[in-house]
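Here's the structure, in structure tokens; my notes come after.
Quick note: numbers below take in every heavy atom, side chains included, and nothing from hydrogens, waters or symmetry partners. Starting from 1, each residue takes its place in the sequence as its number. Remember, it's a predicted structure, so these values are computed and weren't measured experimentally.
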Amino acid sequence: SIRNALTCDMALGCSTNTVLHLLAIAYEAGVPLDLKLFNEISAATPNLCHLAPAGHHHMQDLMQAGGISAVLKELLDGGMIDGSCMTVTGKTLGENVAHAKNRDPEVIRPLDRPYTKTGGLAVLFGNLAPNGAIVKRSAVKPEMLVNTGTARCFDSEEEAIAAIYAGKIVPGDVVVIRYEGPKGGPGMQEMLAPTSYIMGRGLGSSVALVTDGRFSGATHGACIGHVSPEAAAGGLIGLVEPGDMIEIDIDNRKLELKVPEEVLEERRKHLVLPEPRIKKGFMRTYADNCLPPERGAAMQNWLKEKK
């Protein structure tokens with residue numbers, strides 16, 4: 001079930017891409033799935049693994065400790081997942097993991113001794129992301145969980161990389177990368193390079209990144225993605241200007257642009273969306289028909305939905 005998948009991912013502290021993929025699968029299956037469920041499950045699920053790059057263990061350590069089956073067994077024994085769900089093996093989940101063993105309780109912590117009491121992912125809401133934004137909470141340094149910083153704005157991943165590489169980003173900045181969402185990218189490419197440069201320059205404890213793009217599982221730091229509505233769809237992230245203050249409160253699931261509404265209304269009057277980066281072919285068709293991140297950035301079946 002979706003709840004089982006989410007619970008396991010929260011325990012593992014894994015990739016933000018899980019959110020996007022599960023939302024897309026739910027859309028294709030016609031199953032309603034609200035982002036608020038992610039926070040609900042995260043609040044009830046302890047983070048049992050601390051895997052690189054956020055932690056000091058690696059995938060081979062997890063496999064030697066018993067792998068995903070051992071994580072599932074910990075959750076099953078704690079009554080946190082449904083073992084009766086049928087799987088592709090033809091057996092139930094409970095049957096699949098019945099003989100799994102946790103061979104290293106430091107790599108896979110028991111439920112009574114987790115790395116953190118809440119799961120690895122968090123969904124943030126606020127005026128900057130009224131439809132949600134995603135952060136891998138387990139990979140954020142404690143000092144960055146609550147942070148207010150100065151916006152530095154870039155309309156592409158490449159522009160941001162150039163500025164970071166040139167040393168133009170300083171402690172206290174919030175790097176804003178926009179027009180990289182499903183519609184604007186198009187395709188919502190991963191922002192791994194900018195996050196890597198931020199960490200590589202030793203700014204992981206003092207610089208945050210906010211984007212309507214997404215991240216890979218290798219991302220760590222205060223990196224907030226999937227901001228929706230995206231800039232190309234007229235989202236508020238497109239109205240952020242250099243010097244604006246952005247408030248990030250991951251503990252309380254908040255992402256706010258600290259600019260008065262009357263100022264934002266004036267900016268909206270003068271906003272001109274850039275021309276689409278791709279003007280023909282399938283990617284243009286996708287950009288014209290894609291769903292927002294909170295619906296998995298799936299390609300909507302517009303012929304079916306028009307009826």
Side-chain angles (χ1 to χ4, degrees), residues 2-23 38-39 41-78 80-81 93 96-97 100-124 133-145 190-200 202-205 207-209 211 213-226 250-251:
I2 287 176
R3 280 185 173 271
N4 281 352
L6 281 175
T7 301
C8 183
D9 188 66
M10 295 300 179
L12 286 165
C14 284
S15 173
T16 52
N17 278 321
T18 302
V19 178
L20 198 65
H21 298 331
L22 284 176
L23 289 167
F38 291 76
N39 277 343
I41 292 178
S42 181
T45 307
N47 182 202
L48 305 182
C49 302
H50 208 41
L51 302 174
H56 47 282
H57 296 133
H58 297 81
M59 288 304 296
Q60 60 267 33
D61 300 317
L62 176 62
M63 293 307 297
Q64 290 170 2
I68 301 299
S69 293
V71 176
L72 288 168
K73 186 66 162 54
E74 291 281 350
L75 297 170
L76 182 64
D77 289 347
M80 305 194 71
I81 58 175
L93 178 62
N96 284 342
V97 303
K101 292 183 179 180
N102 182 354
R103 294 188 289 269
D104 191 336
E106 201 53 39
V107 175
I108 305 173
R109 291 274 185 94
L111 290 175
D112 61 357
R113 195 171 58 86
Y115 282 100
T116 59
K117 293 181 179 180
T118 57
L121 302 178
V123 184
L124 311 185
I134 311 297
V135 61
K136 184 161 64 172
R137 186 192 184 285
S138 60
V140 180
K141 293 183 180 297
E143 57 268 37
M144 293 297 288
L145 290 171
E190 294 180 341
M191 303 288 109
L192 177 59
T195 62
S196 298
Y197 283 128
I198 288 172
M199 297 304 294
L203 297 171
S205 299
V207 169
L209 189 150
T211 180
R214 63 190 179 103
F215 303 113
S216 82
T219 296
H220 58 304
C223 301
I224 300 165
H226 304 206
I250 296 173
D251 287 337

Seminar exercise, completed: Between the CG atom in Leu76 and the CG atom in Asn4, the distance rounded to the nearest 0.5 Å is 8.5 Å
For this session: Check whether any side-chain heavy atom of Phe38 lies under 4.5 Å from a side-chain heavy atom of Thr18, and answer yes or no.
Result: no
Exercise. Under a 4.5 Å cut-off applied to non-hydrogen side-chain atoms, are Glu106 and Arg113 in contact?
Worked result: yes
Exercise. Considering the options Leu192, Val135, Leu209, which one meets the side-chain contact (heavy atoms from CB on, under 4.5 Å) requirement together with Phe215?
Worked result: Leu209
Exercise. Is Leu51 close to Met59 at the side-chain level, that is, under 4.5 Å between some pair of heavy atoms?
Worked result: yes
For this session: For residues Ile224 and Ala133, report the shortest heavy-atom separation together with the two atoms involved.
Result: CG2-CB, 3.7 Å
Problem set entry | Pairwise distance CD1(Ile108) to CG(Asp61) - rounded to 0.5 angstrom | 10.5 Å
Exercise. So which heavy atom on Met144 is nearest to which on Gly204, and how close?
Worked result: CG-O, 3.8 Å
For this session: Decide side-chain contact (heavy atoms from CB on, under 4.5 Å) for Leu12 and Cys49; before the verdict, give the C-alpha distance in whole Å, the side-chain angles of both, and the deciding distance to 0.1 Å.
Result: CA-CA 5 Å; Leu12 286 165; Cys49 302; 3.8 Å; yes
Exercise. Passes side-chain contact (heavy atoms from CB on, under 4.5 Å), Leu111 versus Met80? Steps please.
Worked result: CA-CA 10 Å; Leu111 290 175; Met80 305 194 71; 3.8 Å; yes
Problem set entry | Distance, nearest 0.5 Å, that separates CG of Leu75 from OG1 of Thr45 | 7.0 Å
Exercise. So, Asn47 side chain and Thr118 main chain: donor-acceptor pair closer than 3.5 Å or not?
Worked result: no
For this session: Kindly indicate, with the supporting measurements, whether the criterion side-chain contact (heavy atoms from CB on, under 4.5 Å) is fulfilled by Asp9 and Ile41.
Result: CA-CA 10 Å; Asp9 188 66; Ile41 292 178; over 6 Å; no
Seminar exercise, completed: With sequence neighbours left out, the residues meeting side-chain hydrogen bond (donor to acceptor under 3.5 Å, both in side chains) with Asp251 are Arg137
Problem set entry | Non-hydrogen side-chain atoms of Leu121 and Leu6 separated by less than 4.5 Å | no
For this session: With rounding to the nearest 0.5 Å, note down the distance linking CZ in Arg214 to CG in Leu20.
Result: 6.5 Å
Problem set entry | Distance (rounded to the nearest 0.5 Å) between Glu74 CD and Ile81 CD1 | 10.5 Å
Problem set entry | Separation of Ser15 OG from Ile134 CD1 (nearest 0.5 Å) | 10.5 Å
Seminar exercise, completed: In terms of heavy-atom contacts, Met199 and Lys141 come closest through CE-CE, 4.4 Å
Exercise. Do you know which two heavy atoms are closest between Pro105 and Pro110, and how far apart they sit?
Worked result: O-CD, 3.7 Å
Exercise. Angle class for the Tyr115/His50 ring planes (parallel below 30°, perpendicular above 60°, tilted otherwise)?
Worked result: parallel
Problem set entry | Close side-chain approach of Pro46 to Arg109, heavy-atom, < 4.5 Å | no
Problem set entry | Heavy-atom closest contact (Ser138 atom, Gly13 atom, distance) | OG-O, 3.5 Å
Exercise. Passes side-chain contact (heavy atoms from CB on, under 4.5 Å), His226 versus Val123? Steps please.
Worked result: CA-CA 10 Å; His226 304 206; Val123 184; over 6 Å; no
